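Since the structure comes first, as structure tokens, the remarks are kept for the end.
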Amino acid sequence: QVQLVESGGGLVQAGDSLRLSCAPSGRTFSMYAMGWFRQAPGKEREFVAAITWRRGNTYFANSVKGRFTISRDNAKNTVYLQMNSLKPEDTAAYYCAGDGRGRTYYDRAVAGDPKAYDYWGQGTQVTVSS
């Protein structure tokens, strides 16, 4: 069974940078899009960024636009989230997700609909102190 595994979280100060990574464990598989979501305590899971696997088109939530970038390494089947100029409000558990179905799910995935993703990681904690 395929699982997504995130890494790179940690405790940083405001203004610092972190890079999260997400790679599959288990068998190799193809994704149509990959995304990052985050969830802070007491809040709903929210979309952060997405990237299409084939063309590398990227999509961001307004709250992270200009500070975060998303990229992928096709050879390693890995997606990255580079987070710069971190703020205390970025504190959350960050989850990697994959859209392995495409078609009607593809547009919803890049629009940030978590229900369009059928693979999820366990999350990695990012804490930004002021």
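Everything numeric in this text was worked out from a predicted model, so none of it was measured. Quick note: residue numbers are just sequence positions, from 1.
For the disulfide bond (SG atoms under 2.5 Å apart) condition, the pairs that include at least one residue of residues 89-130, sequence neighbours left out, are Cys22-Cys96. Screening residues 108-125 for salt bridge (Lys or Arg N to Asp or Glu O under 4.0 Å) gives Arg101-Asp118, Arg108-Asp113 as the qualifying pairs, with residues at least two apart or on separate chains. Sorted by first and then second residue, the side-chain hydrogen bond (donor to acceptor under 3.5 Å, both in side chains) pairs involving residues 87-100 (not counting sequence neighbours) are Arg38-Asp90, Arg38-Tyr94, Arg67-Asp90. Among residue pairs with one or both ends in residues 100-130, none qualify as disulfide bond (SG atoms under 2.5 Å apart); sequence neighbours excluded. Residue pairs meeting the disulfide bond (SG atoms under 2.5 Å apart) criterion with at least one partner in residues 97-130, sequence neighbours excluded, do not occur; the list is empty. Applying the disulfide bond (SG atoms under 2.5 Å apart) rule to pairs touching residues 31-76 yields nothing, sequence neighbours excluded.
No donor-acceptor pair under 3.5 Å is formed between the side chain of Gln122 and the backbone N or O of Val5.
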Tell me which donor-acceptor pairs under 3.5 Å the side chains of residues 54-61 have, and how far apart each pair is, sequence neighbours excluded?
none

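Thr127 pairs by the side-chain hydrogen bond (donor to acceptor under 3.5 Å, both in side chains) definition with Gln125, not counting sequence neighbours. Residues passing the side-chain hydrogen bond (donor to acceptor under 3.5 Å, both in side chains) test with Gln82 are Asn84, sequence neighbours excluded. For Asp73, the side chain to side chain contact (heavy atoms under 4.5 Å, CB included) partners are Ala75, Lys76, Tyr80, not counting sequence neighbours. A search for ring-ring contact (aromatic ring centres under 6.0 Å, His included) contacts involving Trp120 returns Phe37, not counting sequence neighbours. For Lys65, the side-chain hydrogen bond (donor to acceptor under 3.5 Å, both in side chains) criterion is met by Asn62, not counting sequence neighbours.
Separation of atoms CG (Asn74) and OG (Ser30) is listed at 10.0 Å; rounding is to 0.5 Å. Atom CD of Glu46 and atom CD of Gln39 lie 9.5 Å apart (nearest 0.5 Å). A distance of 11.0 Å separates CD in Glu6 from CG in Leu81, rounded to the nearest 0.5 Å.
Phe68 is not connected to Phe47 by any chain of hydrophobic side-chain contacts under 4.5 Å among Ile, Leu, Val, Met, Phe, Trp and Tyr, and they are in different clusters. No single ILVMFWY cluster, assembled from side-chain heavy atoms under 4.5 Å apart, contains both Tyr32 and Tyr105.
Contact detail for Ser85 and Ser17: the closest heavy-atom pair is N-OG, 4.3 Å. Heavy atoms only, all atoms of each residue included: Arg72 and Ile51 are closest at CD-CD1, 3.5 Å. Nearest heavy atom pair, residue Thr78 against residue Ser21, reads CG2-CB, 4.4 Å. Nearest heavy atom pair, residue Val79 against residue Trp53, reads CB-CZ3, 4.3 Å. Of all heavy-atom pairs spanning Val110 and Tyr117, the tightest one is N-OH, 4.3 Å. Here the closest non-hydrogen pair linking Ala109 and Ala116 is N-CB, 3.5 Å.
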- For side-chain contact (heavy atoms from CB on, under 4.5 Å), just list the numbers for Leu4 and Met34, CA-CA rounded to whole Å, side-chain angles, deciding distance to a tenth of an Å, and then say yes or no. CA-CA 11 Å; Leu4 299 177; Met34 298 287 290; 4.2 Å; yes
